[in-house]
Amino acid sequence: SNSNSGLSSGTAFSTIQKAIDVACALDLSIYSVTINVADATGYAAFVLKNYVGVGPISIIGNTTTPSNVDLSGSSTNISGTAWNCRYVINGMKVANSAGNAIAWYGPGSVNINNIEFGACSAAHIRLDNSCFVNGLSGSFKISGAAAYSWLVGFGSQLNLDSSTITYSASVAYSQSNCYAQHFGFINLAAVTFTLGGNTITGKRYTCYGVCSINTNNAGASFVPGDVAGTAVGGGTYY
């Protein structure tokens with residue numbers, strides 16, 4: 001119940017948003033907050049908010065089986081606009097039928113790991129306006145189709161360096177697997193894509209405007225897909 005204190009499993013809140021609201025009402029000073037999320041389906045969407053102090057606020061679900069903490073819904077599952085603080089998101093599944101699974105519009109920063117991306121009508125992750133997301137050496141699963149996996153622009157950065165991205169189903173991208181635009185940066189250096197016999201269809205990548213996608217010179221066919229990528233208007237893929 002959201003009338004509980006939220007300080008133990010026996011007095012848990014019923015929504016992730018309530019836990020975030022309570023944490024953000026604190027003066028964190030030099031401290032951090034961890035929000036532990038129990039296995040369940042049908043969790044409501046939540047929004048990252050600004051707080052006072054160093055942080056971060058960590059929202060931790062099931063890091064072994066992320067699909068056990070299921071946020072699948074009808075619209076954007078995790079969002080945030082100009083929160084200008086640090087968060088950690090770990091161990092959950094996102095998917096929806098009408099929006100981006102994750103949409104963050106900075107400034108703000110988030111560390112991500114152990115996320116499963118199910119079917120989504122727009123992007124699995126969309127970043128704009130100086131948002132920094134770090135998935136360094138992380139583990140991610142893609143189990144459903146989307147317009148884009150990663151859509152990054154307007155001074156934002158997505159760092160997936162040395163991470164493992166596993167496809168657990170055949171996936172089609174209606175727009176582009178990776179899309180960088182307008183001073184956006186996607187770092188795919190040393191990423192391991194594991195397809196497991198699944199077929200990935202759609203355009204591999206798009207660099208539109210002054211932006212870049214870094215694969216550490218892994219080649220034009222490195223990003224999964226069956227349509228060649230393009231870089232136009234100052235965009236670079238390397």
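All heavy atoms count here, side chains included; hydrogens, waters and symmetry mates do not.
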Requested in this report: Go through the steps to decide whether S5 and T11 satisfy the test side-chain hydrogen bond (donor to acceptor under 3.5 Å, both in side chains), and finish with yes or no.
Outcome: CA-CA 6 Å; S5 68; T11 58; 3.1 Å; yes

Query raised in the report: Do W150 and F117 have ring centres separated by under 6.0 Å?
Result: yes

Query - Closest non-hydrogen atom pair between Y148 and Q175, with its separation - result: CE2-CB, 3.4 Å

**Report entry** Partners meeting ring-ring contact (aromatic ring centres under 6.0 Å, His included) with Y208 (sequence neighbours left out)
**Finding:** H182

Report task. Check whether any side-chain heavy atom of S97 lies under 4.5 Å from a side-chain heavy atom of S121, and answer yes or no. Result -> no

Query raised in the report: Do N214 side-chain atoms and A189 backbone N/O form a donor-acceptor pair below 3.5 Å?
Result: no

Report task. Test Y238 against T215 for side-chain contact (heavy atoms from CB on, under 4.5 Å), laying out the working first. Result -> CA-CA 6 Å; Y238 59 95; T215 69; 6.0 Å; no

Report task. Measure the CG-CG distance between N187 and L160 for me, rounded to the nearest 0.5 Å. Result -> 7.5 Å

Query raised in the report: Should T63 and N113 count as side-chain neighbours, where that means a heavy-atom distance under 4.5 Å?
Result: no

Query raised in the report: Where is the tightest heavy-atom contact between S149 and Y173, given as atom of each residue plus distance?
Result: OG-OH, 2.8 Å

Query raised in the report: What is the distance from atom OH of Y87 to atom CD1 of I112, rounded to the nearest 0.5 Å?
Result: 16.0 Å

Report task. Go through N114 and K141 one step at a time and tell me if the side-chain contact (heavy atoms from CB on, under 4.5 Å) criterion holds. Result -> CA-CA 8 Å; N114 300 305; K141 179 185 289 187; over 6 Å; no

Query raised in the report: Once you round to the nearest 0.5 Å, how far does SG of C178 lie from NZ of K203?
Result: 12.0 Å

Report task. State, with a plain yes or no, whether a side-chain heavy atom of V47 is found less than 4.5 Å away from one of Q17. Result -> yes

Report task. Taking the side chain as every heavy atom from C-beta outward, state whether T194 and I165 have any atom pair closer than 4.5 Å. Result -> no

Query raised in the report: If two hydrophobic side chains count as joined below 4.5 Å and joins carry through other members, does I16 share a cluster with I78?
Result: yes

**Report entry** Sole residue of T65, D70, N68 in side-chain contact (heavy atoms from CB on, under 4.5 Å) with D39
**Finding:** N68

Requested in this report: Any chance you could lay out the side-chain hydrogen bond (donor to acceptor under 3.5 Å, both in side chains) test for T15 and N2, step after step, and finish with the verdict?
Outcome: CA-CA 7 Å; T15 65; N2 280 346; 3.2 Å; yes

Report summary line: Result for side-chain contact (heavy atoms from CB on, under 4.5 Å) between L28 and one of V33, V54, V52 points to V33

Query raised in the report: To the nearest 0.5 Å, how far apart are CG in N90 and CG in N111?
Result: 9.5 Å

**Report entry** Shortest non-hydrogen separation from S221 to R204 and the atoms involved
**Finding:** O-NH1, 2.9 Å

Query raised in the report: In the single-linkage hydrophobic clustering (I, L, V, M, F, W, Y; side-chain heavy atoms under 4.5 Å), do F46 and Y105 co-cluster?
Result: no

Query raised in the report: Distance-only, no hydrogens or angles: does the S156 side chain make a donor-acceptor pair with backbone N or O of D128 under 3.5 Å?
Result: yes

**Report entry** Pairing residues for F222 by the ring-ring contact (aromatic ring centres under 6.0 Å, His included) criterion, not counting sequence neighbours
**Finding:** F193

Query raised in the report: So do the side chains of I102 and T76 get within less than 4.5 Å of each other, counting heavy atoms only?
Result: no

Requested in this report: Search all heavy atoms of A190 against all heavy atoms of D161 and return the closest pair with its distance.
Outcome: CB-OD1, 3.8 Å

Query - Nearest heavy atoms of T206 and I213, plus distance in Å - result: O-CD1, 3.9 Å

Query raised in the report: How far does CG of L158 sit from CG of L188, to the nearest 0.5 angstrom?
Result: 7.5 Å

Requested in this report: Verify the cluster assignment for W83 and I35: are they in a single hydrophobic cluster under the rule of side-chain heavy atoms below 4.5 Å apart?
Outcome: yes

Report task. Report whether L151 and V110 are members of the same hydrophobic cluster (ILVMFWY, side-chain heavy atoms less than 4.5 Å apart, transitive linking). Result -> no

**Report entry** Co-membership, hydrophobic cluster, residues Y179 and V171, 4.5 Å side-chain
**Finding:** no

Requested in this report: Can you see which heavy atom on N4 is nearest to which on F13, and at what distance?
Outcome: O-CE2, 2.9 Å

Query raised in the report: Under the side chain to side chain donor-acceptor pair (under 3.5 Å) test, which residues partner S9, sequence neighbours left out?
Result: none

Report task. Please tell me if the side chains of I115 and M92 come closer than 4.5 Å, counting only heavy atoms from C-beta onward. Result -> yes

Query - Flag, side chain of S58 to backbone of I60, donor-acceptor distance under 3.5 Å - result: no

Query raised in the report: Any sub-3.5 Å donor-acceptor pair from N100's side-chain atoms to A123's backbone N or O?
Result: yes

Requested in this report: Give the intermediate values and the outcome of side-chain contact (heavy atoms from CB on, under 4.5 Å) for residues F140 and H124.
Outcome: CA-CA 11 Å; F140 306 97; H124 286 139; over 6 Å; no

Requested in this report: Mind running side-chain contact (heavy atoms from CB on, under 4.5 Å) on V191 and S162 for me, showing each step along the way?
Outcome: CA-CA 5 Å; V191 165; S162 302; over 6 Å; no

Query raised in the report: Within the distance-only criterion (no hydrogens, no angle test), does the side chain of N62 pair as donor or acceptor with the backbone N or O of G91 below 3.5 angstrom?
Result: no

Report summary line: Between the CG atom in L26 and the CG atom in D21, the distance rounded to the nearest 0.5 Å is 11.0 Å

Query raised in the report: Can you check whether I57 reaches C24 side chain to side chain, under 4.5 Å on heavy atoms?
Result: yes

Query raised in the report: Would a 4.5 Å heavy-atom cut-off, applied to side chains only, mark Y237 and V223 as touching?
Result: yes

Report task. For N177 and P224, indicate whether the former's side chain and the latter's backbone hold a donor-acceptor pair under 3.5 Å. Result -> yes

Query raised in the report: Between N129 (side chain) and G106 (backbone), is there a donor-acceptor pair under 3.5 Å?
Result: no

Query raised in the report: Under the 3.5 angstrom rule, does the side chain of N216 hit a backbone N or O of A218 as a donor-acceptor pair?
Result: no

